[in-house]
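Each remark here refers to the structure printed beneath this line.
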Protein chains: 2
Amino acid sequence: MTRDYSLRAIEPPQPPEDRFVQFLKSRGKRITQQRRLIVEQVFSHHDHFDADELMDHLQELIAERKVSRPTVYRTLSELTEAGLIRKMTLGGRSVYEHEYGYPSHDHLHCEVCNKLIEFHSDEIERVRDSVARQHDFEVFSHRLFVSGLCRDCRKRKEQRSD
Amino acid sequence: MTRDYSLRAIEPPQPPEDRFVQFLKSRGKRITQQRRLIVEQVFSHHDHFDADELMDHLQELIAERKVSRPTVYRTLSELTEAGLIRKMTLGGRSVYEHEYGYPSHDHLHCEVCNKLIEFHSDEIERVRDSVARQHDFEVFSHRLFVSGLCRDCRKRKEQRSD
DNA sequence: CTACTTGCAAATCATTTGCAGATGA
DNA sequence: TCATCTGCAAATGATTTGCAAGTAG
């Protein structure tokens, strides 16, 4: 299987599938055919996805009754619990992205085409921690979403108004 | 009516109710009894709320059939469109806060008690704009959520483990 | 008047759950 | 073996919508 780790990816010490097996064992859960198929699909390429998109990729397996809708949801929860993926909410629906083997980052979200552009900023973490300290707040994590227009949609807009 | 504007509030040039009337007129919409009642309730105190909490406050009016559930939702959308309130998603449900007459800010969210602590940071905006510039991205707004433990919940946790 | 609004009941829609049969350890 | 899983169908729960009656301008 080819695995697409883009630019800023961290080479993980062990593949996500193994990590998941480890997680399942530690919880007395079983390594089933469907859990195997779902993790594999989820980590087959680095991208943001929602439950429906994932099911589109699994459509054949779903048609063959090898995997079902509830199991996809159940497994997404487990992957989230295991820290392999990260869940976020975008306009009412849940969107997931890889967390394991990928550095923490934030997003620029294009309101027109819905593209998500990732970026990382140490400075934001610094400011975040300093604010938290002022409030006696213990930080677990943060999420920064910047809404606006991506380069392409901006160009398209400018052309129209010229 | 007493209006609770806390510490960092900006005294708005005109009350939110008037702003709303202006907005409605500009759209050829009508100033109805229920829209009046809802804005008034929404701006009666500065706090984060969801549709259900708002309806709890309106329970008498709802019981008397002066306002209904769909109208509450419809009016929340209008208030959001009017820029008077801001909608965010917190664990699947929509949560609202005042936007008009209040400076832009971000949140520390306590995962235990769900408290939202507001803060403002120019520095974050600076970093945000600089990142956006690097990506040729036009910023409309941003949302920063810091998850963790608030002071009180932290103390409670420490006591338990002592 | 009459177009915009409302309340009601019913519809949506993503996600979750109960349960009987299937399966991994 | 037998507790954990799965697929199915049905439930959920917040939010939305169609429609006939109500009301603002």
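Letters A, B, ... are given to chains in the order of the sequence lines, protein chains preceding strands, and every chain is numbered from 1.
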Sugar-phosphate only, base, or nothing, as touched by A/Lys66 at under 4.0 Å among non-hydrogen atoms: sugar-phosphate
Short side-chain to backbone donor-acceptor contact, A/Thr71 and A/Val67, under 3.5 Å: no
Verdict with supporting geometry, A/His142 and B/His107, ring-ring contact (aromatic ring centres under 6.0 Å, His included): CA-CA 10 Å; A/His142 81 266; B/His107 298 91; over 10 Å; no
Nearest to side-chain heavy atoms of A/Ala51, which nucleotide of D/dG7, C/dT15, C/dC8: C/dT15
Proximity to the side chain of A/Ile31 - top-ranked nucleotide from C/dA25, D/dG7, D/dC5: C/dA25
Contact under 4.0 Å: A/Thr32 side-chain N or O vs D/dT6 OP1/OP2: yes
Any N/O donor-acceptor pair, B/Arg30 side-chain to C/dC4 base, under 3.5 Å: yes
Exercise: do B/Asn114 and B/His109 side chains pair donor with acceptor under 3.5 Å: yes
Integer-rounded Å distance: D/dA14 P and B/Met88 CE: 18 Å
Separation of atom CE in B/Met55 from atom C1' in C/dT6, rounded to whole Å: 15 Å
OP1 or OP2 of D/dT15 under 4.0 Å from side-chain N/O of B/Ser94: yes
Proximity to DNA chain D (any heavy atom under 4.0 Å), residues of residues 69-78 of chain B only: B/Arg69, B/Pro70, B/Tyr73, B/Arg74
ILVMFWY cluster, B/Tyr96 and A/Phe145 together (side-chain gap under 4.5 Å): no
Sugar-phosphate only, base, or nothing, as touched by B/Gln34 at under 4.0 Å among non-hydrogen atoms: sugar-phosphate
Under 4.0 angstrom between A/Arg65 side-chain N/O and D/dC8 OP1 or OP2: yes
Closest-nucleotide ordering on DNA chain D, the 5'-leading residue of B/Asp50 and B/Arg36: B/Asp50
Min side-chain heavy-atom separation A/Ser77-A/Arg74 under 4.5 Å: no
Distance-minimising heavy-atom pair for A/Glu125 and A/Ser104: OE2-OG, 3.3 Å
A/His120 side chain reached by A/Asp122 side chain, heavy atoms, under 4.5 Å: yes
Sugar-phosphate only, base, or nothing, as touched by B/Arg93 at under 4.0 Å among non-hydrogen atoms: sugar-phosphate
